[in-house]
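In what follows, a structure is listed as structure tokens, so that the remarks can point back to it.
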There are 2 protein chains.
Amino acid sequence: MENQEIRDAGLKVTGPRVKILEILDRAGERHLSAEDVYRLLLESGDEVGLATVYRVLTQFEAAGLVERHNFEGGSSVFELNKGEHHDHIVCVICGKVVEFIDETIEKRQRQIAVEKGFEIADHSLTIYGRCNNPACSRRKEKGG
Amino acid sequence: MENQEIRDAGLKVTGPRVKILEILDRAGERHLSAEDVYRLLLESGDEVGLATVYRVLTQFEAAGLVERHNFEGGSSVFELNKGEHHDHIVCVICGKVVEFIDETIEKRQRQIAVEKGFEIADHSLTIYGRCNNPACSRRKEKGG
DNA sequence: AGACTAAATGCAAAAGCTTCTCATTTATTG
DNA sequence: CAATAAATGAGAAGCTTTTGCATTTAGTCT
Ligand SMILES: [Mn+2]
Ligand SMILES: [Mn+2]
Ligand SMILES: [Zn+2]
Ligand SMILES: [Zn+2]
């Protein structure tokens, strides 16, 4: 089971940690804030402190189990690290997030880092726009 | 003079606004936090409140005069909008920022937005790495 | 120049997110 | 099952940013 992942990270296998991992697992492509995770725990009837949620998410991030993203708007969001890197396109209206990978872009980034004399460590690419949800897309307003 | 830019934004031409624009102008490629701008104002002997700095920067952003970036680490940074879009590569050690534009990446982003059914509004691409400053680059540590 | 008014300012207070402190509880090891 | 280092919960505290409000000021019209 994935409890081993927690052990491998050098962390004790505790209730909060197992449950947080489960919640992120169930979240799938959704990206959850610490507050989201906290609320989901409460809704499941689990008594966990918000401070613990923050601590555990940070530890999981350090261990490479989860990734943290800073999209626009105050708070960080987290998702399970599924092994393969990806970037995001976010709807500025409804918040919908779609993931994508583009090898052309990845390659150009590596070239740019070399050109500029940087040893690349990481990158963050987020496209913002309006998704095709009718409530979000701004169709040409028909005749004023 | 550039006071006209302030007027065009529908804002009164006040001391704080003119001075903040000057500071950003002098900053060149540097990216300043609100706190940075505030400190520079004080050092110039100008009495301006931090709240005003935040307010003015937000107004300038809304007017398209400045751009706000959320690199890693707590606070937003600002720079004068020089008209042409660019992305950033940031040194995770010393904080040095280099700007770049890459049409290949720009084009792919537009294609991806279309593929995913998004009307693109904006994007943010930041590469993180270690710059070639000796204190920053991690040369292969020679023997123990 | 002086008067008027909406806008701008400074300060302090408050908000939002995240981290820290510390007393108590718990997982792990032997 | 005892021992102990690690983890937890609750609240305090920290940081960046925003807000409320009394006061000041830029722009406009005599
Ligand atoms: Mn993702
Ligand atoms: Mn820039
Ligand atoms: Zn949408
Ligand atoms: Zn550097």
Side-chain angles (χ1 to χ4, degrees), chain A residues 1-23 31-42 44-63 65-78 95, chain B residues 1-23 31-42 44-63 65-78 95:
Chain A
M1 80 205 63
E2 71 262 283
N3 285 359
Q4 193 54 43
E5 300 181 318
I6 298 175
R7 279 206 187 78
D8 292 346
L11 302 169
K12 290 186 179 178
V13 178
T14 63
R17 286 185 180 140
V18 172
K19 289 165 197 157
I20 289 173
L21 219 40
E22 282 173 6
I23 282 178
H31 296 68
L32 306 178
S33 67
E35 191 72 35
D36 289 336
V37 173
Y38 175 64
R39 199 171 312 106
L40 288 168
L41 282 168
L42 294 193
S44 307
D46 296 310
E47 293 288 316
V48 177
L50 180 55
T52 299
V53 174
Y54 274 103
R55 267 187 302 238
V56 169
L57 287 173
T58 301
Q59 291 161 340
F60 283 179
E61 182 192 14
L65 291 180
V66 313
E67 294 190 333
R68 177 198 304 255
H69 303 291
N70 294 297
F71 299 152
E72 294 187 343
S75 44
S76 299
V77 295
F78 301 83
Chain B
M1 77 205 63
E2 72 260 281
N3 285 359
Q4 192 55 41
E5 299 181 319
I6 297 176
R7 280 205 187 80
D8 292 346
L11 301 169
K12 288 186 180 177
V13 177
T14 63
R17 288 186 179 139
V18 172
K19 289 166 196 156
I20 289 173
L21 218 42
E22 282 173 6
I23 282 178
H31 295 67
L32 305 178
S33 67
E35 191 72 34
D36 290 336
V37 172
Y38 176 63
R39 200 171 312 106
L40 289 169
L41 282 168
L42 293 193
S44 307
D46 295 309
E47 293 288 317
V48 176
L50 181 56
T52 298
V53 173
Y54 274 104
R55 271 187 298 238
V56 169
L57 286 172
T58 300
Q59 292 161 341
F60 283 179
E61 182 193 15
L65 291 180
V66 313
E67 295 190 333
R68 177 197 305 255
H69 304 292
N70 294 296
F71 299 152
E72 293 187 344
S75 44
S76 298
V77 295
F78 300 82

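Quick caveat, the model's predicted, so the values are computed rather than measured. Sequence lines set the chain letters: A, B, ... in the order given, protein chains first and strands last, and positions in each chain run from 1.
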Look at all strands and tell whether A:Ser33 reaches a base, only sugar-phosphate, or nothing, counting heavy atoms closer than 4.0 Å. nothing
Please write out each protein N/O paired with an N/O of nucleotides 23-30 of chain D under 3.5 Å, distance rounded to 0.1 Å.
unit_1, atom_1, unit_2, atom_2, d
D:dA26, N3, B:Lys12, NZ, 3.1
D:dG27, OP1, B:Val13, N, 3.1

Rounded to whole Å, please give me the gap between CD in A:Glu72 and C1' in D:dT16. 17 Å
side-chain N/O B:Thr52 vs C:dA8 OP1/OP2, d < 4.0 Å: no
Using whole Å, what does the distance between atom P of nucleotide D:dT16 and atom CG of A:Asn70 come to? 15 Å
Reckon A:Glu35 touches a base, only the sugar-phosphate, or nothing at all at heavy-atom distances under 4.0 Å? nothing
For B:Glu61 and D:dT17, what is the distance between atoms CD and P respectively, to the nearest whole Å? 12 Å
How close or far is atom P of D:dG9 from atom CG of A:Asp46, stated in whole angstroms? 10 Å
I need the CD-P distance between B:Gln59 and D:dT19, as an integer number of Å. 12 Å
Smallest heavy-atom separation, A:Leu50 atom then A:Ala34 atom, equals CD1-O, 4.3 Å
Whole-Å distance, A:Asn3 CG to C:dA27 C1', equals 12 Å
Could you check if a side-chain atom of B:Phe78 sits within less than 4.5 angstrom of a side-chain atom of B:His69, using non-hydrogen atoms only? no
Do the side chain of B:Thr52 and the main chain of B:Val48 share a donor and acceptor less than 3.5 angstrom apart? no
OP1, OP2 of C:dT19 versus side-chain N and O of A:Tyr54: anything below 4.0 Å? no
Rounded to the nearest 0.5 Å, how far apart are CD1 of B:Ile20 and CG of B:Leu32? 11.0 Å
Check the distance between D:dA13's C1' and A:Leu50's CG and give it to me in whole angstrom. 14 Å
In whole angstroms, the gap separating P of D:dA10 from CD of A:Glu47 amounts to 7 Å
Would a distance-only check, ignoring hydrogens and angles, find a side-chain to backbone donor-acceptor pair under 3.5 Å from B:Arg68 to B:Thr58? no
Quick one: which of C:dG10, D:dT8, D:dA10 gets closest to the side chain of B:Arg55? C:dG10
Might you work through the side chain to side chain contact (heavy atoms under 4.5 Å, CB included) test for B:Val53 and B:Leu57, ending with a clear yes or no? CA-CA 6 Å; B:Val53 173; B:Leu57 286 172; 3.8 Å; yes
Side-chain donor/acceptor of B:Arg17 to backbone N/O of B:Lys12, under 3.5 Å: yes
